[in-house]
Amino acid sequence: MVTDGSRPLEIDTGKAHPARVYDWLLGGKDNYPVDEAVGETLPPEARDAARQNRAFMNRAVAHLAAQGIDQFLDIGTGIPTEPNLHQIVQRTVPTARVVYADNDPIVLRHAEALLVSRPEGATDYIQADVRDPDEIVRHARGVLDFDRPIALSLIALMHFVPDDQDAHGIVRRLVATLAPGSHLVLSHAAIDLMPELARQVIDQYAKGGIRLGFRTRAEVTRFFDGLELVPPGLVTATEWYGPEQQPPKAEASGIYAAVARVR
């Protein structure tokens, strides 16, 4: 595996970070008291949402690997939690190449130890922020062939980019670099499915210094403008599964999820 070692490892333990709060919600140990403090104030449904997001990612990338996709760009990867994306896809496509990106230095520390590719394939990691998509793509081009299909994974990420930071424009810029036959895999917290719970989550994250931009179904749909939604389309995270997969357990979810093909 290759990592971007050009930046110093400076972990800010005085401010909560989404990757570490997410790790806490998943029951992980790679977080700090400031992250736990945010997690403790969230409703129990937040843990369900983290688990549902993770399960959706597993199903979506496994489905794409089964369709022959062998290149993946995962932005906002978070602290490694097995199975990681590359482990899932390399079960089906051992030669798959995966580039991970996250803006929390603690992820880099764990990536070096945990994101180990099968010898036939490759994994790579860059510490970078989705708000600088050009930097991520520039780095990814060293590992991935952008003239062939790539699956772009944005799992539970874009609701951390409020509208004043041009969330839709960022996704458009990333998708514009992808060849036809590529796919966008995206999950996003909803403001209109469980509005009271959503508002509670937004407020508690704000107290921890983290801004959120939960969105309506129509606003989430805009991320897929110009793309071809793969059945079953834009649904909740617990309703999405590939035609070759068993339906997940039915349960309420405040997360929208979809996979779409680049034409």
Side-chain angles (χ1 to χ4, degrees), residues 1-7 9 18-19 22 53-54 56-58 60-158 160-161 170-187 223 259-262:
M1 181 193 120
V2 182
T3 60
D4 175 22
S6 62
R7 302 185 182 190
L9 185 61
Y22 191 64
N53 260 307
R54 192 78 191 174
F56 162 69
M57 183 276 287
N58 290 1
V61 301
H63 168 70
L64 292 178
Q67 305 308 304
I69 301 296
D70 63 356
Q71 301 190 106
F72 294 79
L73 175 55
D74 182 31
I75 305 176
T77 186
I79 295 165
T81 303
E82 291 197 6
N84 296 297
L85 186 150
H86 73 277
Q87 294 170 319
I88 296 167
V89 301
Q90 287 181 350
R91 291 171 185 166
T92 303
V93 186
T95 57
R97 304 175 73 84
V98 180
V99 173
Y100 293 101
D102 202 285
N103 68 354
D104 187 351
I106 196 175
V107 181
L108 172 60
R109 188 173 75 188
H110 290 281
E112 291 174 334
L114 297 180
L115 302 184
V116 180
S117 171
R118 288 184 59 147
E120 306 96 316
T123 60
D124 186 61
Y125 181 83
I126 176 176
Q127 183 188 325
D129 196 298
V130 71
R131 296 169 185 85
D132 189 357
D134 295 338
E135 178 187 13
I136 294 174
V137 170
R138 184 166 54 249
H139 180 98
R141 286 187 187 279
V143 179
L144 307 179
D145 180 358
F146 278 72
D147 291 327
R148 296 198 303 109
I150 293 171
L152 170 63
S153 174
L154 303 174
I155 300 296
L157 175 63
M158 298 314 296
F160 290 103
V161 183
I170 288 169
V171 174
R172 282 195 301 271
R173 286 166 64 186
L174 287 166
V175 170
T177 68
L178 303 178
S182 297
H183 289 77
L184 171 62
V185 179
L186 182 145
S187 64
F223 286 112
V259 176
R261 186 177 185 275
V262 178

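Basis for what follows: all heavy atoms, side chains included, without hydrogens, waters or symmetry-related copies.
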Rounded to the nearest 0.5 Å, how far apart are [atom1] of [X] and [atom2] of [Y]?
{"X": "Gln71", "Y": "Thr95", "atom1": "CD", "atom2": "OG1", "value": "9.5 Å"}
{"X": "Ile150", "Y": "Ile69", "atom1": "CD1", "atom2": "CD1", "value": "9.5 Å"}
{"X": "Asp104", "Y": "Arg109", "atom1": "CG", "atom2": "CZ", "value": "9.5 Å"}
{"X": "Met158", "Y": "Ser187", "atom1": "CE", "atom2": "OG", "value": "11.5 Å"}
{"X": "Leu157", "Y": "Ile75", "atom1": "CG", "atom2": "CD1", "value": "7.5 Å"}
{"X": "Phe223", "Y": "Leu174", "atom1": "CZ", "atom2": "CG", "value": "11.0 Å"}

For a 4.5 angstrom cut-off between non-hydrogen side-chain atoms, does [X] reach [Y]?
{"X": "Tyr125", "Y": "Val143", "value": "no"}
{"X": "Val137", "Y": "Arg173", "value": "no"}
{"X": "Asn58", "Y": "Pro83", "value": "yes"}
{"X": "Gln127", "Y": "Pro105", "value": "yes"}
{"X": "Leu184", "Y": "Leu178", "value": "no"}
{"X": "Leu85", "Y": "Thr77", "value": "no"}
{"X": "Asn53", "Y": "Tyr22", "value": "yes"}

For this session: Please lay out, stage by stage, how Asn84 and Tyr100 fare under the test side-chain contact (heavy atoms from CB on, under 4.5 Å).
Result: CA-CA 10 Å; Asn84 296 297; Tyr100 293 101; 3.8 Å; yes
Contacts of [X] that satisfy side chain to side chain donor-acceptor pair (under 3.5 Å) - sequence neighbours left out:
{"X": "Gln90", "result": "Ser117"}
{"X": "Arg138", "result": "none"}
{"X": "Arg118", "result": "Glu120"}

Looking at every non-hydrogen atom in both residues, tell me the closest pair between [X] and [Y] and how far apart they are.
{"X": "Ala65", "Y": "Phe72", "result": "N-CZ, 4.3 Å"}
{"X": "Val107", "Y": "Gly78", "result": "CG1-O, 3.2 Å"}
{"X": "Pro149", "Y": "Pro180", "result": "CG-O, 3.8 Å"}
{"X": "Val89", "Y": "Ala96", "result": "CG2-CB, 3.9 Å"}
{"X": "Ala140", "Y": "Leu73", "result": "CB-CD1, 4.2 Å"}
{"X": "Asp145", "Y": "Asp147", "result": "OD1-N, 2.9 Å"}

For this session: Could you tell me whether a side-chain N or O of Arg54 sits under 3.5 Å from a main-chain N or O of Thr81, the two making a donor and an acceptor?
Result: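 Side chain of Arg54 to backbone of Thr81: a pair is present.
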Exercise. With sequence neighbours excluded, what pairs up with Arg131 under the side-chain contact (heavy atoms from CB on, under 4.5 Å) test?
Worked result: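 Testing Arg131 for side-chain contact (heavy atoms from CB on, under 4.5 Å), a comparison that skips the adjacent residues, returns Asn103, Asp129, Val161, Gln165, Ile170.
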Exercise. What pairs of residues pass the salt bridge (Lys or Arg N to Asp or Glu O under 4.0 Å) test when at least one of them lies in residues 85-103, not counting sequence neighbours?
Worked result: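 Output for this query is empty, none listed.
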Exercise. What pairs with Asp74 under salt bridge (Lys or Arg N to Asp or Glu O under 4.0 Å), at least two apart in sequence or on another chain?
Worked result: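 Salt bridge (Lys or Arg N to Asp or Glu O under 4.0 Å) list for Asp74, sorted by chain: empty.
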